[in-house]
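Working notes, beginning with the structure itself.
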Amino acid sequence: MVSWTTCVFILLLGFGRCLVHSYYTEEYRPQFHFTPEQNWMNDPNGLVYYNGQYHLFYQYNPNGTTWGFMSWGHAVSTDLVHWKHLPIALECKSDSNGNVLEMFFSGSAVVDVNNTSGFAVPVGKDHHGKFIYSTPMVAIYTSNYPTAHTQSNGAVIRAGQQSQSIAFSNDNGLTWTQYDGNPVIESPPAQYADQYQQFRDPFVFWYAPSSKWIMVASLAMEHILLIYSSENLKDWTLQSQFGPENARFGQWECPSLFPLHVDGNKNIVKWVVLMGINPGGVITGSGTQYILGSFDGTTFVPDPSDVYDPTQIPTGSTVFQDFESISSSFEELGWNATGDFSGLGPQNASTVQVWDIMGYLGTGVLTTYLFGDIAMGTITSPRFTITKQYISFLIAGGYYPFNPATAGTPDDNQVSFSLVIGGQVVHSQTGTDTEDLVWRNWNVAGWIGQEAYFIVTDVNTGPFAHLHVDEIIFSDSPKDEGNWFDFGPDLYAAATYNGLDTNHRTVIGWMNNWAYAQNIPTSPWRSAMTVPRTLALKTINNKVRLVQQPVSSLSSLYTSKLYSNQFKSLRAGETAINVPAPYNARMKLTVQFSRGRGTQFGVILRSNTTDTQETVIGYDFLGQNVFVDRFSSGDNSFVDWQPNPYPGRFIATLPTKSTDCITLNILLDWSSVEVFDGQGLAVITSQIFPLDDSAQVKLFSVGGTTKDVTVSVNGIKSSWT
Ligand code: FRU
């Protein structure tokens, strides 16, 4: 006879298993990326390594799956791979009427080993009877105060004010006490007093040469970073400011400042400013840029080679068209305009009846905003021969990318500027949902000597369905707007760990984009972090660049090789490879290859049997770029407004020689891809939401063979079971 208690025990065991089994298995649930069990998450905060633990705090809404009630969630890991959820560290405060008084916005954390703050408490006595003290962990964050009120310490708070505050923990980050002298920096400096609602995201670190804490915080709308110093984390003195430089649209958020060795040489150090920009990122919405320079304890000075004056064009470049002839028609300039643009020409930018256009050079621009957004047609350039390696141009407008699958069909909604060679669109750029013209460039080295033309296509009358183009130039060096840290749409608010040595600077980004973040189709959580990545500075083509690769500890989740193969010459077309479930949805795939007779090579992931769904990742030998195409990657119905910022093909320029062996390391999780070239320079992070039956993995080679292809696949085990 089985006893009653045994029955209950067996039942409970079964139930427990069942629970364990269904943990982190919801549709789209990342298997090796950090996600909260439930609710909304945005920026990583307070990344600090201490006592063998990596702390990850994060912007968290305890009450729902969209932004609000911002608090600091908390998790820890000993390997940056497996995470343990801990109780909320700093919880949003409301008054008895339900008015939110204080939200805990983004910030950083440090371990105050010298007890400069005085927050340490006695935790026992040694054998001589002397007190042993705790080591305080201190969080430095932005207090965002939605409601005007007077705090119990007398501080008078204005509605919408953002101030910098601190809290401390004497139990390794588990429980937190807010400092009773908060806020520690109440307002921005006097000359920016009106920016008191846009002053945030303090990143603090210990600067040993002057034995001081340094804080960098953002004046978001001014595109200015303020640098403060302190001896005790409570009293802060403004030292200097930096910016605006490079990509300077929307808001600057979540800045950080840290040193790295150049090419692994301990004697050469450069300092890196890393920051979020939103909107105005490389695709549309959120993006991340970095600037290299030096820091002396008070001031960040950018390297002259790392700041780009948008009004200067590279020496030796040829201007193809600057659209300055505003009294000429396109026809008179040798261009051809159709539809609503026929008979028209470049416009005086200052008279175009749209929100202020900015960033153009001179007076005139090409614009498709004529009678509002309703104008439709094409504007085509004269033919020319490609003679230089890059084409650069200024562009602004709505995000309606060229999609080869719909171009020319009734579903076509592009508003784009494209380069056509041999009857094919080989490069295309749409607006980034701003009226500020930004520089973009195309590598055209693969087509030198060939005939080409530009075409502006606006077949859309929806909101923002217009484009402005200016200053088309040909040059042998690209005209950059800034240094993008990641060329995909889904890496924002990147933050790095305090407490690790310079060679182990580790970054985690929020793998989402404010342009659609609150609509992605996941439940009961929303948003994931990128995999932690190790940063380095590498000299590439005579320029020092910030490079990144997944942390090495991620390999502890890899299965043994599930597939590996070599092809001396991979034929044109698609070649299926067999990766068994469940690893066809979560794998590390590495391909190495060289140019053959083909023009593109890559892999197709999460493809279904009818090829109506696929995520395409590859290298374009002619356009010289790594790309991720998520036009057909799965569900994109969650965006129900125009311009739809979600679909697209994302490119990262990566010049190579025809003899080079190119490496792509790809991490596929259920709802994301992260692609790194072998150097960690061309990196693309993109969410995808494929339907479950899309499980095929294929290699492809376009237009001919690809040579010396090596493929290897490891499955990635779940870090949540
Ligand atoms: C960036 C950001 C920060 C702010 C936080 C609020 O994503 O807007 O500037 O501190 O999110 O959640």
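Start at 1 and go down the list; that is how both ligands and their atoms are numbered.
- Shown here is Phe69, whose CZ atom has no more than 12 heavy atoms of other residues, nucleotides or ligands within 6.0 Å.
- Test Val272, Leu537, Thr534, Leu260 against Arg505 for side-chain contact (heavy atoms from CB on, under 4.5 Å) and you get one pass: Leu260.
- Within the listing of ligand 1, atoms 4 (C), 6 (C), 10 (O) sit less than 4.0 angstrom from a heavy atom of Phe105.
- The Asp201 neighbourhood of ligand 1 comprises atoms 3 (C), 4 (C), 9 (O), 10 (O), with distances under 4.0 Å to a heavy atom of that residue.
- A centroid separation of 6.0 Å or more is found between the aromatic rings of Trp510 and Phe34.
- In this structure, atom 2 (C) of ligand 1 lies nearest to the protein heavy atom Asp43 OD2, 3.4 Å.
- Contacts with ligand 1 closer than 4.0 Å are made by no heavy atom of Trp510, backbone or side chain.
- For ligand 1, the atoms closer than 4.0 angstrom to any heavy atom of Trp514 are 1 (C), 7 (O).
- Considering every non-hydrogen atom in both Met511 and Met529, the closest pair reads CE-O, 3.6 Å.
- Here is the list of ligand 1 atoms found below 4.0 Å of a heavy atom in Tyr492: 1 (C), 7 (O).
- Thr288 has its side chain out of reach of Asp486: every pair of non-hydrogen atoms, C-beta onward, lies at least 4.5 Å apart.
- Smallest separation of non-hydrogen atoms from Asp669 and Arg586: OD1-CB, 4.1 Å.
- When non-hydrogen atoms are compared, ligand 1 lies under 4.0 Å from the backbone of Ser106 as well as from its side chain.
- Side-chain contact between Glu245 and Ile291: present, with at least one pair of heavy atoms (C-beta onward) separated by less than 4.5 Å.
- The shortest separation from a heavy atom of Thr142 to ligand 1 is not under 4.0 Å, leaving the residue out of contact.
- Summary of contacts: the protein heavy atom closest to atom 8 (O) of ligand 1 is Glu253 OE2, 3.0 Å.
- Of all the heavy atoms of Asn42, the ones lying under 4.0 Å from any atom of ligand 1 belong exclusively to the side chain.
- By the 30° and 60° cut-offs, the orientation of the rings of Phe57 relative to Trp72 is tilted.
- Remark: ligand 1 atoms within the under-4.0 Å shell around heavy atoms of Gln59 are 5 (C), 6 (C), 12 (O).
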